[in-house]
Number of protein chains: 2
Amino acid sequence: MSLRHALLGALAAEHHTGYSLLKHFEQSLGYAWPAGHSQIYPELARLLERGLIEQTASGPRGARTYATTAAGVEEVRRWLRTEPDRRVRSDAALRVFFLWLLPPDDAAAYLAAERERYLALHAELERIRDEEEPETPKQRAYRLALVGGLLALEAQIRWAEWALEEVATWR
Amino acid sequence: MSLRHALLGALAAEHHTGYSLLKHFEQSLGYAWPAGHSQIYPELARLLERGLIEQTASGPRGARTYATTAAGVEEVRRWLRTEPDRRVRSDAALRVFFLWLLPPDDAAAYLAAERERYLALHAELERIRDEEEPETPKQRAYRLALVGGLLALEAQIRWAEWALEEVATWR
DNA sequence: ACGTACATGTAAGGAGTTACATGATTTG
DNA sequence: CAAATCATGTAACTCCTTACATGTACGT
């Protein structure tokens, strides 16, 4: 259900082909809702059939560019006013509950690797943030999401560092 | 795959019936990996068949208590040494990208509601944290996960408050 | 006795992942 | 002309959600 609305929202912001949507998911939307091409293309076909998106151009290699219709934008607005599904799955967070099953050194190695991942991702989001000043409403909303990601990563980095100190006392 | 290991890890920490695992997911593990009874019972049957858990007791109403076997514990350790799947899906985070499609007042209402949710959950996790001092290795690992949740929520609360100020300038 | 919580199960459908499959255009 | 990237599609499988289904024990 979320994927459908992610596509409608992205195509309301700017025109995209399935392929450029795929790239867009890899670079930004995917941090909140990952999606591969095998999900995107069939869903675009369904949205087109239901009149929530329309084809606006054709390009080389059979590329088709889409945009959200007025009905599609209304559907996103309707969705935004419903209760979000707050269930979140994080394999990485789950593992923490069971770190006591590993020798302390291995648990520490896990935490150190997590910290490195978070640091690398944080640096990348900072780079994206500093690329340009948000100006349009759309850019300002994307910036909200980006800053949310940065703050979450900062919390995770601090957590991993604290957890490493904790685990050091387990020996 | 994660559900399987969540069950093995939980049953390595203490014996559980399917029903008490369900409650355990609702209260703690589910914040990292939600699961309902319709997933838990069939998965327990599979783990039992594969010899990764064993039945240790029977109770009233057909209740069966399980524990992880030595082979099951080894399987958790093996899993903990594989690369975590870092994909995370958050419907709530996804919506932020598209808040520009709402009138600023409605966007602000969304953010305010999110803030309330985070505050309530934070208070609940603090209550759980203050219930008892962690002593065993298992309790210390669960505490790591709990503190991770608290830090993440604090970041989300600060983010929501900053975002509310931002959205106030959209008018 | 009645309601609530305990306790387990299955089935249908939807969502997501991985693998299979193909071909055109651009860049070096 | 070779490799990388652009571009789209389908199929099988696994996982997750929702709904249907049933029965027992405990507390008041």
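As the structure is a computational prediction, the values presented were derived from the model and not from experiment. To find a chain, count down the sequence lines: A is the first, B the second, and so on, and within it residues start at 1.
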| query | For the pair made of CD in A:E43 and P in C:dT17, what is the distance, rounded to whole Å? | reply | 14 Å

| query | Can you tell me how far P of C:dT8 sits from CD of B:Q39, to the nearest Å? | reply | 16 Å

| said: Which nucleotide wins on minimum distance to the side chain of B:Y19, given the candidates D:dA7, C:dA7, D:dT17? | reply: C:dA7

| task | Could you please name the option among C:dA24, D:dT8, D:dT17 that lies closest to any side-chain atom of A:T17? | result | D:dT8

| Under 4.0 angstrom, heavy atoms only, what part of the nucleic acid is A:G36 near: base, sugar-phosphate, or nothing? | nothing

| Atom CD1 of B:I40 and atom P of C:dC6: how far apart are they, to the nearest Å? | 14 Å

| request: With the side chain of A:R61 defined as its heavy atoms from C-beta on, choose the nearest nucleotide among D:dA7, C:dT17, D:dC16. | output: D:dA7

| query | How long is the line joining NE2 of A:H37 and P of D:dA11, in whole Å? | reply | 13 Å

| Side-chain ion pair, A:E114 and A:R117, N-O less than 4.0 Å | no

| said: Is the terminal nitrogen or CZ of A:R95 (NZ for Lys, CZ for Arg) located under 6.0 angstrom from the six-membered ring centre of B:W33 and within 45° of that ring's axis? | reply: no

| query | How long is the line joining OH of A:Y66 and P of D:dT8, in whole Å? | reply | 7 Å

| request: Give a yes/no answer on whether the side chain of A:Y41 brings an N or O atom under 4.0 Å of OP1 or OP2 in D:dT8. | output: yes

| query | Any side-chain heavy atom of B:W170 sitting closer than 4.5 Å to one from B:D105? | reply | no

| Rounded to the Å, how far apart are A:M1 CE and D:dC16 P? | 18 Å

| field | Integer-rounded Å distance: D:dC16 C1' and B:L3 CG | value | 10 Å

| task | Give the nucleotide from the list C:dT17, D:dT17, D:dG9 with an atom nearest to the side chain of A:R87. | result | D:dT17

| Given DNA chain C, 5'-ward residue of the pair B:R89 and B:P60, judged by closest heavy atom | B:P60

| Can you tell if the side chain of B:Y31 reaches within under 4.5 Å of the side chain of B:L121, non-hydrogen atoms only? | yes

| task | Confirm from the modelled atom types if B:S38 and D:dT18 form a donor-acceptor pair under 3.5 Å, side chain to base only. | result | yes

| Taking NZ, NE, NH1 and NH2 as the nitrogens, is one of them in A:R127 or A:E131 under 4.0 Å from a carboxylate oxygen of the other? | yes

| field | Distance in angstrom units between B:L22 CG and D:dT17 C1', rounded | value | 14 Å

| request: Between D:dC6, D:dA7, C:dA19, spot the one nearest the side chain of A:K23, thanks. | output: D:dC6

